Amino acid sequence: MSLLAVEHVDTGYGPVAVNRDVSLAVHQNEIVTILGPNGAGKTTLLRSIAGLVKPRRGAVLFDDRDVTALHADEKATLGVVMVPEGRHVFADMSVRENLLLGAYCRKDRDAIEADIALMENYFTILAKKRGAKAGTLSGGQQQMLAIARGLMARPRILLLDEPSLGLSPLLVSELQGIIIDVREKFRAAVLLVEQNAGLALSVAEQGYLMNSGRIVASGSIEQLKQSPVMQELYLGKRAQQNHGPSRASP
């Protein structure tokens, strides 16, 4: 049974259709990536899963429960937590206050303090900067804070939207280890939307390729690399024929 299942979801804004008949699955303790060019509908799909946008059709299932109509705070309480593109830290609040906001749905105050200590132990720069305003942090430090704030909700699945955006190659390499540790150390599955295909393919086990709002290829990372659509979109190789959604046989 999948931890998260998206079934035939259509999503849009006003008259504009963005996602069309999208289905995907993420299993417990799995890292899955969604790749695709700008405008493919990746962020809208994450927002639909997180409860920030309501799908027009289809269903979002979490732990075999239909959560399609739930709002973001309700989904966060269940363990579906999103770290948005652009980090969106609360710039005028301290690092510690940002971490506390990540636990706003929780009532276990003692455990929250323990988790803040855990985040500061893992993201050591956050301990050094705990009293600093989040807006004074560097881009890489803000990304660490955004991920730590997401982890404060104790997610069962963390939705990461373009976490490498604007980061230097050195910080992208560090981010690679952090994404893996979200699973290994913090025991959460990860659904990663990422323009940096090298990063995404290095950490994920399964992947989906989106284009024009649809899933056009899916499978294991090795299968995805061999997909003609993937090679055309990312490697500049022209496919020999038009391909619909494809999945290589194991």
Side-chain angles (χ1 to χ4, degrees), residues 4 6 9 11 18-20 22-27 29-50 82-87 139-140 142-144 146-147 150 157-184 188-250:
L4 172 73
V6 177
V9 160
T11 313
V18 179
N19 298 142
R20 301 173 179 86
V22 174
S23 297
L24 61 78
V26 182
H27 294 89
N29 215 226
E30 185 178 43
I31 301 177
V32 175
T33 188
I34 305 171
L35 295 166
N38 285 329
K42 305 182 301 297
T43 292
T44 296
L45 178 59
L46 281 197
R47 289 171 60 83
S48 299
I49 295 168
M82 181 173 174
V83 177
E85 177 186 350
R87 298 175 273 279
Q142 288 187 19
Q143 186 61 76
M144 292 180 192
I147 292 174
I157 184 167
L158 193 64
L159 314 178
L160 294 177
D161 191 10
E162 304 282 9
S164 76
L165 188 67
L167 300 186
S168 69
L170 182 62
L171 288 174
V172 170
S173 179
E174 186 173 354
L175 178 63
Q176 177 182 10
I178 291 170
I179 293 171
I180 293 171
D181 280 350
V182 168
R183 176 180 65 182
E184 300 300 326
V190 177
L191 182 57
L192 170 67
V193 160
E194 185 53 70
Q195 278 285 341
N196 186 329
L199 170 63
L201 297 173
S202 71
V203 298
E205 299 144 294
Q206 299 287 325
Y208 295 84
L209 181 60
M210 289 190 72
N211 197 24
S212 301
R214 300 180 184 275
I215 301 293
V216 294
S218 66
S220 71
I221 293 305
E222 288 306 312
Q223 291 169 345
L224 204 61
K225 287 178 181 177
Q226 299 304 315
S227 163
V229 183
M230 177 76 173
Q231 293 185 23
E232 183 175 5
L233 287 175
Y234 277 90
L235 303 178
K237 297 179 180 179
R238 189 165 184 80
Q240 297 300 311
Q241 58 184 1
N242 293 328
H243 291 267
S246 63
R247 185 181 181 109
S249 299

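All residue numbers in this chain count up from 1 along the given sequence. The model shown is predicted, which means the values in this text are computed figures rather than measured ones.
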Taking atom types as modelled, find out whether Ser220 and Glu205 have a side-chain donor-acceptor pair closer than 3.5 angstrom. no
Polar side chain donor-acceptor pair, Thr11 to Ser48, under 3.5 angstrom: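 Present: a donor and an acceptor within the cut-off.
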I need the minimum non-hydrogen distance between Arg20 and Ser212, along with the two atoms involved. NH1-O, 2.8 Å
Between Glu85 and Lys42, does at least one N-O distance fall below 4.0 Å, as a salt bridge requires? no
Side chains of [X] and [Y] in contact at under 4.5 Å (non-hydrogen atoms):
X	Y	value
Lys225	Met230	no
Asn211	Pro37	yes
Leu45	Leu24	yes
Ile34	Met210	yes
Val83	Asp161	no
Gln195	Asn38	yes

Rounded to the nearest 0.5 Å, how far apart are CD1 of Ile31 and OG1 of Thr33?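 Reported to 0.5 Å precision, the distance equals 10.0 Å.
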Would you be so kind as to tabulate the donor-acceptor pairs closer than 3.5 Å made by side chains of residues 167-180, with sequence neighbours excluded?
| unit_1 | atom_1 | unit_2 | atom_2 | d |
| --- | --- | --- | --- | --- |
| Ser168 | OG | Leu171 | N | 3.3 |
| Gln176 | NE2 | Ser202 | OG | 3.1 |

